[in-house]
Every structure is written in C-alpha cells, then in structure tokens.
Amino acid sequence: MKRTHSPTFDMMLVESDMEMAQILDDEYLREEHGLELIASENYASRAVMEAQGSVLTNKYAEGYPSKRYYGGCTFADAAEKLAIDRLCQLYGAEAANVQPHSGSQANMAVYLALLQPGEKLLGMSLSHGGHLTHGSPVNFSGRLFQAVHYGLNEQTERLDYDMVRDIALREKPKVLVAGASAYSRIIDFETMGKIAREVGADLVVDMAHISGLVAAGLHPSPVPHSTYVTSTTHKTLRGPRGGIILCSAERLKAVNSWIFPGIQGGPLMHVIAAKAVAFGEALQPSFKQYQKQVILNAQALSAALIEKGFHIVTGGTDNHLMLVDLSRSKVGAGEITGKDAEGWLDLSGLTVNKNTVPHEKRSPFVTSGIRLGTPALTTRGMMEAEMKQVASWIAEVLESRGNEAVMTKVHAEVRELCEGFPVYFDEHGDDHAEGSCCDPQGGCC
Ligand code: DSN
C-alpha cells in the first residue's frame, strides 16, 4: 500500500481485504493527481460519502415512508423524508421521489407514467447533445416507445425552438423531452413548455447536467413548466450517484408506483441518506458561490481554448461544459479524432471524454470532439488562472499529436498543480475540504 488514508475507507478494509483496498487507494490517488474534466463528474463531500457508507446499506425498505413492506423502517423513513423535504425546498417543487437508482431509472419511470408502449416521444438527438434515454434506438426509450428527434440549428449550433415546434406539430408526440448531456447554452424551458402544451404533449425535463446550476438559481428552472423533472444527483449537484424526480403532488402517485414496484425493488437507503446530505449542502450559500465559479471557470476555459485555435460548438458556454469540435479546430489541422485526443490527454493526466459533435461524420467510438466541464476542478478550488493553464496543456498535447516526451512533461506539471489543490487531504494527510466550500474571493476554504 502506498497510502492508507483514502477517504473511502479506514484501516478496517486494509486489514480485511488488501486487494480491494489497494484498488480503491489507486483510484483515490488517480482522482487526487489528475485533472478531472469530464463534465458529468464531480467530487462528493466526505459527509456525503460517510452517509453512503453507513448502516443504512443494511436495510430493506420497499415502499415509501410510512407505507413500507418491511418492519424496522423508522430511521429509513426519517432519512427518506429528510431527503424529500430538502429536495422540494431546493427546487421549489411540490413533491419528489428520491428512490431512482440512476437518471435512466428516473426517466424510465416518468415515461412509463405518461406513455403506453409504442406511443411517441420527441427528444433531442444523442449526436446533437441529447442522451441515450431521450429515445436512442439502442436504449429502452427508443425500443419501447416510438422516438423522434430534434437537433441543433446547423448554422448557430444552438437549439432552434421554431424547428422544435415544427417537428412537434408534425409528429404530435405525447411526450416532449428537454435536456441535454453536451449542450453548453441555456435551455428555454418556458418555450419548450409552450410547445408541449400547443401539441397536447407533456413536457419532461431531464436536468441532470445542470441541476446544480438550477438549484443555485443560475439557470432558469424547468419546474414551473414541466409535468416531470428528472435529474441525477452526482453531476453539478455534487451528491452520491443516483436519480430523482420532481413533480406536482397530483402527479406523484403515478410515478411512485412506476419506480416501486414498477421498475425497482428495495430503495438504496444509504444512497438516499447521502442524497439528503448533498441536498443540505446545496441549500447552503456557499453552494451558489461554487456554481457561479463553475460557470466562470467554464467560460475562462472556453475563451482560452478559442484563443489557442480550437472550435467550441456554439462559440462558448453559459453553463458548466463545452464541446470542442476538433474537425473544425486549427490545432491538429482538423484531423485529430475525439478518440485520439481522449487517449493522449489521459496519458497527460487530463481526463476528458470523446464526444460526437453536431452533424458528426465519425462513429461514436471515434468521434470528432471532446466534451470538457469544470465542476470537478472548481470543487478543488481552481479558478480562471488554472483554466488558462489547462487550455495551454490541452493545446500542447494535441499539437504534439501525443508526443511521448510532451505528454510526460505535461503529466508532471499537472501533478504539481493538483498537489496545490487537494481534493480531500493535503500532502500532510490533513483533512483539506468538505467538498462544499469554494469562495471565489479567497479560493477554496
Ligand atoms: N453519462 C452521463 C454523461 O456523461 O453525461 C449522462 O448520463
């Protein structure tokens, strides 16, 4: 063992299962020593991880608070009620389900509550920045339902609400899905709600990527305009991995019964406890400061990349992410694939994901783009100056087309920067941050 203080375990695991302890420790060091630029990832606080690793992992609690199929649920009920209350407060929602194991399960339950198999849903195409569960043919959403898609405007690379309306009028879907995994601009949920109502559809918003920004009031909320809002809890929201659903009180029963007994069994009560802790953190003023900095950092990174000759889809960002279209970038003369870029950056200590770009010509396994996000770097206290440095490293590695000496040099520099911004513990093993505190005036506290 190189280290024995990964926040995910104490000495108990080292004594009982050295093999797994080593794997977790290696992952801990990977997270500490590398720059995490995957837009959908973040660092949960130690408090969140403590709740997730708690005794509630032992408890079966099928059903909902006060209506369980098992005895001994007093504290499971208390944990779930606390999670629901905090979540409703966070988003000004009337009702919520905190049991979905993931965003996909949340979307599945909502679709099943609104659609019969074979009925039509209209969602954003995956290759334009949507999500698998918004009707992709390889996903349950495209196999169980008749899925049609809208994309981005070819010139502006932005959502074109007139185009969405035209498609909705033509296709008459029963459900209109809004939300994206790789779209860097504000989504006009009010207009999407109007389009849905005009064609007699329900609006479902999957706000997984932007839910932290919405909670902080930095992106318009979909709650007043939607029949159901779904999200994951681990992206900008910075909680444990999982899903949630928000709705009106009258819509709750239908979706509750699709989560359980419809598609899930026993809820993961330890994860629900950790969700409650994360929602409590998101209600703190420091969370808003953090989200503001996430956006400032994304804008700084995007501007620095443009200066280096990269093409950023839509020309910038309003949120936590950006999509780099390498086929339209000067760096690499438009020839570098997303797959190559992801691999070379990984070897240099920068973790990104390859991503299709609008009107993609390559396969999803190769792609012409990479997606970058700033939630994780911002959690560790990095600011605009560090974003400029990150852009320089990306340019250096890609300009060299994966030259080994360049990647080795950049990796060493990345490691040095990371040591100045520890995620959980500093070099003396001292507790660094609770993961919920980033003060743009004074750095991470
Ligand atoms: N896999 C997630 C993302 O990276 O955006 C979406 O579920």
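Because the structure is predicted, anything quoted here is derived from the model rather than measured. For ligands, and for the atoms within them, numbers begin at 1 and follow the listed sequence.
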Problem - Ligand-side contact atoms (ligand 1) for residue partner H131, heavy atom cut-off under 4.0 Å - result: 6 (C), 7 (O)
Exercise for the section: Check ligand 1 against H209 and write out every atom of the ligand that is under 4.0 Å from a heavy-atom position of the residue. Expected result: 3 (C), 5 (O)
Handout entry: Flag, side chain of R86 to backbone of A276, donor-acceptor distance under 3.5 Å
Key = yes
Problem - Aromatic ring proximity F189/H219, centre distance under 6.0 Å - result: yes
Practice task
Give a yes/no verdict on whether any heavy atom in E41 is under 4.0 Å from an atom of ligand 1.
Solution key: no
Problem - Close side-chain approach of P220 and D188, heavy atoms under 4.5 Å - result: no
Handout entry: Is_contact(atom 7 (O) of ligand 1), protein non-hydrogen, under 4.0 Å
Key = yes
Exercise for the section: Tell me, with the steps shown, if N97 and Y64 meet side chain to side chain donor-acceptor pair (under 3.5 Å). Expected result: CA-CA 9 Å; N97 185 310; Y64 289 97; 2.9 Å; yes
Practice task
Report the nearest protein non-hydrogen atom to atom 2 (C) of ligand 1: residue, atom name, distance rounded to 0.1 Å.
Solution key: K235 CE, 3.9 Å
Problem - Interfacing atoms of ligand 1 (cut-off 4.0 Å, heavy-atom, S181) - result: 5 (O)
Problem - Salt-bridge contact D202-R251 (side-chain N to carboxylate O under 4.0 Å) - result: yes
Problem - Ligand-side contact atoms (ligand 1) for residue partner R371, heavy atom cut-off under 4.0 Å - result: 3 (C), 4 (O), 5 (O)
Handout entry: Sub-4.0 Å atoms of ligand 1 with respect to non-hydrogen atoms of S40
Key = 3 (C), 4 (O), 5 (O)
Practice task
Would you please indicate yes or no on a ring centroid separation below 6.0 angstrom for H128 and H359?
Solution key: yes
